[in-house]
Amino acid sequence: YNDNLNADIIWQGYRLFDQMSGVTVSEKRAEAQFASNKKACVDLFCKLFKMKNFFGPTWSKLFRFDIIEQHHLRFADDICFREDELFTFQYCKYVETARVLPTVTYNYQETVNSLMRSHYIDPHMIFNVINRSYEAAQQLPLNEEFKDVVENYYTESLVLCMRMAYAQGHLQIRGFRLKILKELALRNKIQPTKMSLKCVFFNPIFSDLYHLGGYVYKKILSNKP
């Protein structure tokens, strides 16, 4: 029996290394911490969520099988992006105790053709995932600080979604882009964030003109002898 494993969820550090070179790209860990009640857990969640790529990934955590089975928690089989983050949010709803170990026990291999390194991810899928994660986060007893962190993260994710929509370089999904723009504009009125300038940059008229120009340019090149 190890008292360090006595918690509903346990975070551990991890090491990210490159597949081709075998060189360690980065290492992420947090100081040892223990939350013994629900309120302390939420405070800890907030602290860990601020650490990029630390709160969500399931491969650097230990979960209790009985909690998973009791609440019928499973990975969503209709998404392949941030599905582990969605699972972690859903699981944390039932967490009463949480622990962070300061050790680095997981080696994550970053492959050349991984989805996270891809220049294109389906924006419709991103929009679906971030909304489901956002809804799952709302099920937690959020304190004010964690609420602000989640709201800002959701806005940033919408901007990522918008970037991927523009990366397609065509006008067929203009309606989808306008939908995201309206959501971003609404969020910036309700809760102004640092993303405001980026939202102004994504003006639909200028964006469509830009992509229309690119389309015409490609057509001209393709017709050259």
Side-chain angles (χ1 to χ4, degrees), residues 9 42 45-46 48-61 63 67-68 71-95 108 110-111 113-142 146-196 198-204 207-208 211:
I9 185 171
V42 173
F45 296 162
C46 180
L48 298 178
F49 198 76
K50 292 178 180 179
M51 299 175 62
K52 187 177 181 181
N53 295 329
F54 198 80
F55 177 87
T58 51
W59 34 258
S60 60
K61 300 174 183 58
F63 301 89
I67 292 179
I68 293 174
H71 300 286
H72 309 288
L73 300 173
R74 298 291 187 272
F75 271 53
D77 58 8
D78 59 333
I79 58 175
C80 58
F81 176 74
R82 292 186 181 177
E83 69 277 12
D84 49 353
E85 176 184 276
L86 175 59
F87 177 89
T88 300
F89 266 128
Q90 293 171 336
Y91 181 92
C92 284
K93 176 182 177 180
Y94 307 104
V95 167
Y108 184 90
E110 188 175 62
T111 58
N113 60 346
S114 69
L115 184 61
M116 291 306 295
R117 295 183 71 170
S118 171
H119 294 292
Y120 171 76
I121 305 174
D122 182 5
H124 295 86
M125 181 178 67
I126 298 176
F127 186 69
N128 177 29
V129 173
I130 63 176
N131 277 285
R132 288 164 69 173
S133 289
Y134 181 67
E135 290 172 5
Q138 302 308 305
Q139 301 301 312
L140 298 174
L142 302 174
F146 196 14
K147 186 182 298 183
D148 286 340
V149 171
V150 169
E151 292 294 334
N152 288 336
Y153 181 68
Y154 179 64
T155 302
E156 292 172 1
S157 296
L158 284 174
V159 172
L160 171 63
C161 184
M162 181 63 69
R163 285 175 177 169
M164 292 302 171
Y166 286 137
Q168 291 193 19
H170 58 74
L171 304 180
Q172 281 83 349
I173 61 169
R174 186 172 188 271
F176 176 75
R177 298 202 303 262
L178 287 174
K179 178 181 178 180
I180 305 298
L181 281 166
K182 289 178 180 178
E183 177 65 22
L184 285 168
L186 177 62
R187 293 186 65 78
N188 277 309
K189 287 181 180 179
I190 298 173
Q191 185 185 34
T193 70
K194 63 182 180 181
M195 311 307 293
S196 299
K198 293 184 179 180
C199 296
V200 172
F201 173 78
F202 290 124
N203 184 284
S207 174
D208 288 344
H211 287 296

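Quick caveat: nothing in here was measured; it's all calculated off a predicted structure.
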Angle between ring planes, Phe49 versus Phe89, binned at 30° and 60°: parallel, tilted or perpendicular?
tilted
Counting N and O atoms only, with roles assigned by atom type, does the side chain of Asn128 sit under 3.5 Å from a partner on the main chain of His124, one being a donor and the other an acceptor?
no
Side-chain heavy atoms of Ile68 within contact of Phe87, under 4.5 Å:
yes
Got Thr88 and Phe63 here, is their nearest side-chain heavy-atom distance under 4.5 Å?
yes
From Lys50 NZ over to Phe54 CZ, what is the distance, rounded to the nearest 0.5 angstrom?
15.0 Å
Return the CD1 to CD distance between Ile130 and Glu135, rounded to the nearest 0.5 Å.
11.0 Å
If you round to the nearest 0.5 Å, how far is SG of Cys46 from CG of Asp148?
8.5 Å
Validation row: Val129, Glu85 side chains within 4.5 angstrom (heavy atoms):
no
Flag the pair Phe75 / Leu86 as yes when at least one side-chain heavy-atom distance between them is below 4.5 Å, and no otherwise.
no
Taking all non-hydrogen atoms of both residues into account, name the closest pair between Ala76 and Glu83 and its distance.
O-CB, 4.5 Å
Check whether any side-chain heavy atom of Asp78 sits under 4.5 Å from a side-chain heavy atom of Arg132, and report yes or no.
yes
Of all the heavy-atom pairs spanning Ile9 and Cys92, show the shortest one and how long it is.
CD1-SG, 4.1 Å
So which atom in Val150 and which in Ala137 form the shortest heavy-atom distance, rounded to 0.1 Å?
CG1-CB, 3.9 Å
Output the distance between atom CG (Asn131) and atom SG (Cys161), rounded to the nearest 0.5 Å.
8.5 Å
Please assess Leu158 against Phe127 for the test side chain to side chain contact (heavy atoms under 4.5 Å, CB included), listing each intermediate value before the final yes or no.
CA-CA 7 Å; Leu158 284 174; Phe127 186 69; 3.9 Å; yes
Report yes if the side chains of Thr58 and Tyr91 come closer than 4.5 Å at any heavy-atom pair, otherwise no.
no
So, Lys61 side chain and Phe55 main chain: donor-acceptor pair closer than 3.5 Å or not?
yes
Closest heavy-atom pair and its distance - Glu151, Gln138
OE2-NE2, 4.3 Å
Measuring from Leu140:CG to Gln90:CD, what's the distance to the nearest 0.5 Å?
10.5 Å
